[in-house]
Amino acid sequence: MKKNLFLTLATACAVLAVAPAEAATQYKTHAEAQANVTDDGYILFVHPAGWDRYGEKLCKKLIANSGVRAAAGNAALILAPIYQNRTESNNARAREIMGPLGYPHDMGDISYPAILFYEKGGRMYATVHGEALMTASEKEVAALVRQRMEAKKKQDSLLARSREAKNAGEKSRLLLESSRVDGIDWPAGLQEAMRQADPQDAHGYQAALNFGFGLKNGESMNDFLARLDEVLKNERLSAHQKQRACAVAIGHIRRSYGMIAGGPFITKYARAMRKLDPKSPLGLSAPVVMRDWVRTYSYGQGWSDGLLPAEVVPVTMHNVPMTEPGTYTVTFNLVTGRDGIKINQLRLMDGKRCVAADTQPREVSWGNTQQTYTFTVKKPLKEAALEITYGNDANHRSSWGNITVKKQ
């Protein structure tokens, strides 16, 4: 019996020796915390003092929660007030509690209450605030705190590996990866570290870090979209960066090509945006973009200033009654508007296949209100459509008219 009791006590002691204790400790002021701070740094639970009782109660409940404390690792926890109406007295009190960590109210993009994460040296690297904090359970908040703490450890590990890397490419790759750890800010001095690792950016990681995408001055839409296609192939860029490039391009396409001529392009890049990360905000917005920003051009609509693209780009008119063999006339007739209509090219299509084309530029104006094309269809067409390349520039699109098809 004594032997069994001894073994039981010995086992219990061994378990206690390896089981992690709740290490996160709450301190009243930064000065107290600083004397005991570890590499896990500080976590401030910033509550609106006196003007938001719910927020104050929430922060006090969270900082005392065992799950939140366990998630906080070895961080020093501080309950910090933020005052709506600053006075000399409460400013002094806030400075005493927060010390050099600063007065978070100066950070306009943070709503309070908030949980703010600081490195041991005092730099803030992550936050939890807004809806993520206000609507979450205590268990969910603990998970958010744990994610931020683990993200910081992952980032620190990447930085340590980058310092040990022997070549510029690997060093730069690890530095870039450290900027993409979810939920936390870039490491301090990242730009300079990458410049030192690869001064000429021979491996392209600095370009990936500072990636921005937009329409260059004087650049054609064709060249712009060709650049976007290359961006989507670039493995150094993150899914979010590629999604943002697609979103920028979709805006330019809608403005330049319109919702009809631009429809296939908008659809293409919205689909790419969704595929890159379906659950992200841009990924979730893709179906809405395809629904609201794409229009079908069908026979019977004629033309109008709203249908004419700002740039010279083909638009496809669907459901054209030219499916049976025979000879057809296609007539453009001006009805109203300040301007006429320029037609650079008209092609009869069967799906994506061109059946016949008239590439002679024509113009319908108040001096000549009608233009007629003649096409011969030799075999039945499954998807008859007219691809029309209008030539009006952006400032001369005040024009409305009818397009009629007749079989001779």
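- Contact detail for Leu386 and Val330: the closest heavy-atom pair is CD1-CG1, 3.8 Å.
- Remark: Gln243 CD to Ser285 OG distance equals 8.0 Å, nearest 0.5 Å.
- Counting all heavy atoms, side chain and backbone alike, His318 lies closest to Thr296 at CD2-CG2, 3.8 Å.
- Among the candidates Pro187, Ser162, Ser157, the single residue satisfying the side-chain contact (heavy atoms from CB on, under 4.5 Å) test with Ser178 is Pro187.
- Salt-bridge check for Glu177 with Arg180: failed, with every basic side-chain N at 4.0 Å or more from each acidic carboxylate O.
- With values rounded to the nearest 0.5 angstrom, Leu190 atom CG is found 9.5 Å from Gln206 atom CD.
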What's the verdict on side-chain contact (heavy atoms from CB on, under 4.5 Å) for Ile110 and Met124, showing C-alpha distance, side-chain angles and the deciding distance? CA-CA 12 Å; Ile110 296 175; Met124 192 179 80; 3.8 Å; yes
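- When only modelled atom types and interatomic distance are considered, Arg236 and Gln241 share no side-chain donor-acceptor pair under 3.5 Å.
- Note: Phe332 and Tyr373 have perpendicular aromatic rings, judged against thresholds of 30 and 60 degrees for the angle between ring planes.
- Using a 4.0 Å cut-off between charged nitrogen and carboxylate oxygen, Glu170 and Arg173 count as a salt-bridge pair.
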Evaluate Glu138 against Val141 for side-chain contact (heavy atoms from CB on, under 4.5 Å), listing each step before the verdict. CA-CA 5 Å; Glu138 291 176 46; Val141 171; 5.6 Å; no
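- The shortest non-hydrogen separation linking Ser179 to Leu176 is OG-O, 2.6 Å.
- Comment: Lys407 does not engage Glu324 in a salt bridge, judged by the lack of any side-chain N to carboxylate O separation of less than 4.0 angstrom.
- For the atom pair CG (Leu284) and CE (Met273), the distance works out to 10.0 Å, reported to the nearest 0.5 Å.
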Run Arg397 and Tyr390 through side-chain contact (heavy atoms from CB on, under 4.5 Å) and show every step you take. CA-CA 10 Å; Arg397 295 188 300 163; Tyr390 293 111; over 6 Å; no
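- For the pairing with Met221, the side-chain contact (heavy atoms from CB on, under 4.5 Å) check across Val312, Ile253, Val313 returns one residue only, Ile253.
- Within the model, atoms CD of Glu219 and CZ of Arg227 stand 4.0 Å from one another, a figure rounded to the nearest 0.5 Å.
- Distance check, rounded to the nearest 0.5 Å: CD1 of Ile43 to CD1 of Ile63 gives 9.0 Å.
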Working note: Arg161 + Glu164, criterion salt bridge (charged side-chain N to carboxylate O under 4.0 Å, His left out); need CA distance, chi angles, decisive distance, verdict. CA-CA 5 Å; Arg161 288 167 57 195; Glu164 295 170 0; over 6 Å; no
Begin with the C-alpha distance, continue with both residues' side-chain angles, and end with the deciding distance and a verdict on salt bridge (charged side-chain N to carboxylate O under 4.0 Å, His left out) for Lys153 and Glu150. CA-CA 5 Å; Lys153 288 182 172 65; Glu150 291 176 352; over 6 Å; no
Under the salt bridge (charged side-chain N to carboxylate O under 4.0 Å, His left out) rule, what do Lys152 and Asp156 come out as? Steps first, then yes or no, please. CA-CA 6 Å; Lys152 186 65 170 67; Asp156 288 343; 2.8 Å; yes
I would like to know whether Lys268 and Asp229 meet salt bridge (charged side-chain N to carboxylate O under 4.0 Å, His left out); could you show each step before the answer? CA-CA 11 Å; Lys268 172 184 175 180; Asp229 290 337; 3.4 Å; yes
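- The shortest heavy-atom contact between Leu44 and Met98 is CD2-CG, 3.6 Å.
- Smallest separation of non-hydrogen atoms from Met290 and Ala270: CG-CB, 3.6 Å.
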Check the pair Phe117 / Val145 against side-chain contact (heavy atoms from CB on, under 4.5 Å), numbers first and verdict last. CA-CA 9 Å; Phe117 298 75; Val145 170; 4.0 Å; yes
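- Put simply, CE on Met194 and OH on Tyr205 are 8.5 Å apart, with the number rounded to the nearest 0.5 Å.
- Heavy-atom minimum distance, Ala286 versus Arg274: CB-CB, 3.7 Å.
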